[in-house]
Amino acid sequence: MLFSKAIPVRNFDDLQGNSWSAALLSASYGSIMLIFSPLHGDDTRQLLMAAAESREQADAQLAAYDDTELRELLAQSKPWDPNSSGL
């Protein structure tokens, strides 16, 4: 029997009322990126999860963030660059 681990995704609204999803992405050299995707539009953004030492730790951090913290992280994020490691 195969078991798959659910990929945590958080949904929240920014202060302008736009809906976003936040999810984790394992990037190069063991880094973990927090990816923000808008419900409408294509302004995908990225933020390096520098404090997370493992994927499990990043999963726990993402689960623990409240909407205010997610909005703050969104404000710190950069436009998505799939060729960047975020470093």
Side-chain angles (χ1 to χ4, degrees):
M1 179 184 295
L2 294 175
F3 294 95
S4 63
K5 184 176 177 183
I7 298 171
V9 175
R10 294 288 309 281
N11 296 309
F12 67 100
D13 292 336
D14 63 22
L15 294 178
Q16 292 74 36
N18 300 307
S19 296
W20 291 82
S21 292
L24 298 171
L25 173 71
S26 296
S28 58
Y29 302 105
S31 62
I32 301 168
M33 304 292 295
L34 183 56
I35 304 299
F36 295 97
S37 303
L39 182 61
H40 301 287
D42 58 2
D43 184 27
T44 303
R45 304 189 61 80
Q46 65 185 26
L47 181 70
L48 179 64
M49 297 282 290
E53 295 180 11
S54 67
R55 179 59 188 249
E56 292 78 19
Q57 190 177 39
D59 286 342
Q61 288 175 353
L62 179 58
Y65 290 139
D66 63 24
D67 287 1
T68 299
E69 291 169 309
L70 288 169
R71 285 190 285 271
E72 290 170 2
L73 293 170
L74 175 62
Q76 297 171 28
S77 68
K78 300 176 184 177
W80 167 248
D81 177 0
N83 297 314
S84 169
S85 66
L87 305 174

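Residues satisfying the side-chain contact (heavy atoms from CB on, under 4.5 Å) test with D67, not counting sequence neighbours, are R10, F12, L70, R71. For the side-chain hydrogen bond (donor to acceptor under 3.5 Å, both in side chains) test, residues two or more places apart in sequence or in another chain that qualify with S77 are R45. Residues satisfying the side-chain contact (heavy atoms from CB on, under 4.5 Å) criterion with T44, sequence neighbours excluded, are I35, S37, P38, W80. Residues passing the side-chain hydrogen bond (donor to acceptor under 3.5 Å, both in side chains) test with S26 are R55, sequence neighbours excluded. D43 pairs by the side-chain hydrogen bond (donor to acceptor under 3.5 Å, both in side chains) definition with nothing, not counting sequence neighbours. Take E69 and apply the side-chain contact (heavy atoms from CB on, under 4.5 Å) test, not counting sequence neighbours, and it matches Y65, D66. Residues that satisfy the salt bridge (Lys or Arg N to Asp or Glu O under 4.0 Å) test with D13, not counting sequence neighbours, are absent from this structure. Listed by chain and number, the residues in a side-chain contact (heavy atoms from CB on, under 4.5 Å) with D42 amount to none (sequence neighbours excluded).
Counting heavy-atom neighbours within 6.0 Å of E53 CD, excluding the residue itself, gives a total of 12 or less.
Contact of the M33 side chain with the L48 side chain is registered, since non-hydrogen atoms from C-beta on lie closer than 4.5 Å.
Rounding to the nearest 0.5 Å places CG of L24 at 5.0 Å from CG of L62. Rounding to the nearest 0.5 angstrom, the gap separating the CG atom in L25 from the CD1 atom in I32 is 9.5 Å.
Of all heavy-atom pairs between W20 and N18, the closest is CD1-O, 3.3 Å.
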